[in-house]
Peer 1: 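Sharing a structure with you now.
On a predicted model such as this, the values are computed, not experimentally measured, just so you know.
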Amino acid sequence: MRRRLAKFIAIEMAALPSISPSPQRQWTRVLLAGPGAILVTLVLLAGTPLWLPGGAAGIDNLALPLVLAPLIWALLFFHACLDRNLARVALIAGTLLLIHGGMVAARFMGSAPVVEKAL
């Protein structure tokens with residue numbers, strides 16, 4: 001019985017393709033999951049008050065991004081770790097970075113209006 005099981009496992013393992021990614025793909029994934037996720041999270045943290053309306057106290061657009069920052073980082077980190085398509089990971093992270101980075105840059109240049117407080 002043990003021999004048959006060992007033989008079956010050996011045959012199944014031989015049929016599986018090799019799943020060892022190239023070092024370049026590993027480093028790309030590490031950079032997207034580590035410093036890339038942190039950088040995108042910080043830019044999202046800076047850009048969110050520009051589109052999120054303030055609440056009655058006028059600080060909701062500042063407090064909510066601070067509370068959501070760990071969640072945003074975790075989503076970007078796990079997406080970079082678990083998604084098989086690195087191009088999709090880079091596209092999503094790059095899009096978020098460009099959109100929020102552009103809003104922050106436009107605000108510093110003085111051409112972007114801030115969302116008004118909610119009534």
Peer 1: Between L96 and L76, is there a side-chain heavy-atom distance shorter than 4.5 Å?
Peer 2: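 Answer yes - side chains close enough.
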Peer 1: Quick one: pull up OG1 in T48 and CE in M103 and give me the separation to the nearest 0.5 Å.
Peer 2: 7.0 Å
Peer 1: Is it the case that one hydrophobic cluster holds both I38 and L45, taking links as side-chain heavy atoms less than 4.5 Å apart, direct or via other members?
Peer 2: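 Yes, one cluster joins them.
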Peer 1: Which pairs, with at least one residue in residues 65-87 and sequence neighbours excluded, count as a side-chain hydrogen bond (donor to acceptor under 3.5 Å, both in side chains)?
Peer 2: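 Every pair satisfying side-chain hydrogen bond (donor to acceptor under 3.5 Å, both in side chains) with a residue in residues 65-87: H79-D83, D83-R88.
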Peer 1: Could you tell me which residues satisfy side chain to side chain contact (heavy atoms under 4.5 Å, CB included) with L68, sequence neighbours excluded, listed by chain and number?
Peer 2: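 Testing L68 for side chain to side chain contact (heavy atoms under 4.5 Å, CB included), a comparison that skips the adjacent residues, returns L64, L71, I72.
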Peer 1: Check for a donor-acceptor pair, side chain of R29 on one end and backbone N or O of A80 on the other, with a separation under 3.5 Å.
Peer 2: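 Pair found, side chain donor or acceptor close to backbone of A80.
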Peer 1: Closest heavy-atom contact between P35 and V30?
Peer 2: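 Of all heavy-atom pairs spanning P35 and V30, the closest is CD-O, 3.8 Å.
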Peer 1: Please examine the side chains of P65 and L44, heavy atoms only from C-beta on, and report whether any two atoms are closer than 4.5 Å.
Peer 2: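 No, their side chains stay 4.5 Å or more apart.
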Peer 1: Determine, using the 4.5 Å side-chain heavy-atom cutoff (strictly less than), whether L98 and F108 are members of one ILVMFWY cluster.
Peer 2: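 Different clusters.
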Peer 1: Taking only residues two or more places apart in sequence or in another chain, which ones pass side chain to side chain contact (heavy atoms under 4.5 Å, CB included) with L97?
Peer 2: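 L39, V40, V43.
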Peer 1: Working to the nearest 0.5 angstrom, can you tell me the gap between L82 CG and F77 CZ?
Peer 2: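 These two atoms lie 8.5 Å from each other.
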